[in-house]
Amino acid sequence: MSGKSLLLVFRRAPYGRSLSRAGYDLALAAAAFEQPVSLLFMDDGVWQLLPEQHADQINTKSVASTLASLPLYDVENLYVDMQSLDARGLAPVELRKEVVPLDATAVQALMHEHHQVLVF
Amino acid sequence: MKFSILVLSSPGASQSGDSALAFARAVVEAGHELYRVFFYHEGVQHGDSLAVPAQDELDRQSAWAALSEQHGADLVLCIASAVRRGVLDGGEAERHERSAVSAHPAFELSGLGQLVDAHINSDRLVTFGR
Amino acid sequence: MATLHTLNQSPSGSTLASCLRCLAPGDSLLLLEDGVYAACSPHVSAFKESPCAVYVLQADAEARGVTGRLDPAIETTDYRGFVELAAACDSVQSWY
């Protein structure tokens, strides 16, 4: 796919702040305009990837449904920072299956191989 | 060189909107093109004409409007973020049956496609958020 | 690809550490807004070993009364310099 590649980095936990939703909407918009888009979850952003999120309990839309819809829009490159998982006592096996764990070197490389990195 | 700016925070909540304005001014002073300033999420509040700045405060909205008028930069508010926060142009006020038009005329309400376009067509995209 | 990273958060949060581990050789870092505190001791030791050039926005340091506390190895700059740094790199990545 041609176009200017975009990496969206999610650093914040879901629900407490609404900025992550803005990141997902941008991912979908970029994909709609046929720009290559990847998502990286790091720091508190790794919490976005937990299954069993019942956001209806706080009258809000679940991140899980947004993540599930991404492949329908050809947004399929999802990565997670291993150091952030370790710091939070999370293992990759606990997360959504399609997320690729990266070590620090690979995170750096991922950022550098994209034309633009935006943090949410 | 073409610069675009992404503003994610509202004028009062943090300094980052002011940093964006100072950066935008420096871009044009250096002779570069300011292609677009895209206000997203809480940033759309920069376009709320019903907000009244304190007398001893910088009138940010007028500053952005002047920059746009003098240098031709697009000022775009993400329409979904804006409507959600009560920043409405005439069309949206009518569509949603709201009693006031609140968007400053220097700012255009449009979709995220404009941000994607700025990403595609600018040489540099600089974000200011909190 | 050389990236200019910008950081506007105080070093007491997690953003500085996350930004620093993503810096690659050839990148540069501009500290602005509350990020200028990172240019003061003891926080500055976190990146004195970094191969990347670090800059601090003069106006934000002056506003916060820390110009006398900035590590002398860190270059101060203004918004004109910020634009030059942005133009000289390949992309700008903002941490906040």
Side-chain angles (χ1 to χ4, degrees), chain B residues 1-43 45-46 56-58 60 63-64 66-67 71 73 115-116 118-130, chain C residues 1-16 18-19 22-23 26-39 53 55-67 75-96:
Chain B
M1 186 168 277
K2 280 188 192 173
F3 281 79
S4 287
I5 294 173
L6 172 60
V7 180
L8 294 172
S9 59
S10 63
S14 73
Q15 189 193 347
S16 63
D18 291 352
S19 300
L21 179 60
F23 183 78
R25 284 170 162 166
V27 163
V28 299
E29 277 163 25
H32 297 293
E33 179 187 345
L34 185 58
Y35 182 75
R36 179 164 298 136
V37 184
F38 193 89
F39 298 84
Y40 189 23
H41 196 239
E42 294 165 357
Q45 273 155 359
H46 279 85
D56 59 352
E57 236 175 53
L58 171 67
R60 296 167 175 96
W64 280 111
L67 195 65
H71 299 281
L115 175 56
V116 179
H119 158 67
I120 293 168
N121 291 309
S122 306
D123 299 301
R124 300 290 180 271
L125 174 60
V126 185
T127 304
F128 293 86
R130 71 170 180 103
Chain C
M1 284 237 319
T3 299
L4 169 67
H5 296 255
T6 72
L7 174 71
N8 71 354
Q9 296 294 295
S10 154
S12 61
S14 66
T15 309
L16 174 63
S18 293
C19 168
C22 293
L23 292 182
D27 286 356
S28 40
L29 171 62
L30 172 69
L31 302 169
L32 74 161
E33 299 174 26
D34 288 349
V36 304
Y37 295 115
Y55 302 85
V56 63
L57 204 56
Q58 173 81 13
D60 283 330
E62 280 189 33
R64 289 159 177 77
V66 297
T67 43
E75 200 176 321
T76 56
T77 189
D78 54 14
Y79 275 95
R80 179 188 175 131
F82 184 174
V83 172
E84 286 170 6
L85 288 170
C89 69
D90 297 298
S91 79
V92 182
Q93 183 172 333
S94 304
W95 297 83
Y96 52 89

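Each chain gets a letter, A, B and so on, in the order the sequences are listed, and its residues count up from 1.
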Applying a strict 4.5 Å limit to non-hydrogen atoms, the region of B:L8 in contact with chain C is side chain

Side chain, backbone, both or neither: which part of B:S16 has a heavy atom under 4.5 Å from chain C?
both

Which bit of B:A22 is near chain C, if near means a heavy-atom gap under 4.5 Å: side chain, backbone, both or neither?
both

Kindly list each side-chain donor-acceptor pair under 3.5 angstrom involving residues 78-87 of chain C, sequence neighbours excluded, with atom names and distances?
from, atom 1, to, atom 2, distance (Å)
C:D78, OD1, C:R80, N, 3.3
C:D78, OD1, C:G81, N, 2.8
C:Y79, OH, B:S19, OG, 3.4

Measure across C:D90 and B:R124 and return the closest heavy-atom pair with its distance rounded to 0.1 Å.
O-NH1, 3.4 Å

Looking only at atom types and distance, does a side-chain atom of C:N8 sit under 3.5 Å from a main-chain N or O of B:G129, one as donor and one as acceptor?
yes

Can you tell me how far CZ of B:F128 sits from CG of C:L32, rounded to the nearest 0.5 angstrom?
7.0 Å

Minimum heavy-atom distance B:Q15-C:E33, with the two atoms named:
OE1-CG, 3.4 Å

What residues form a ring pair (Phe, Tyr, Trp, His ring centres under 6.0 Å) with C:Y96, not counting sequence neighbours?
none

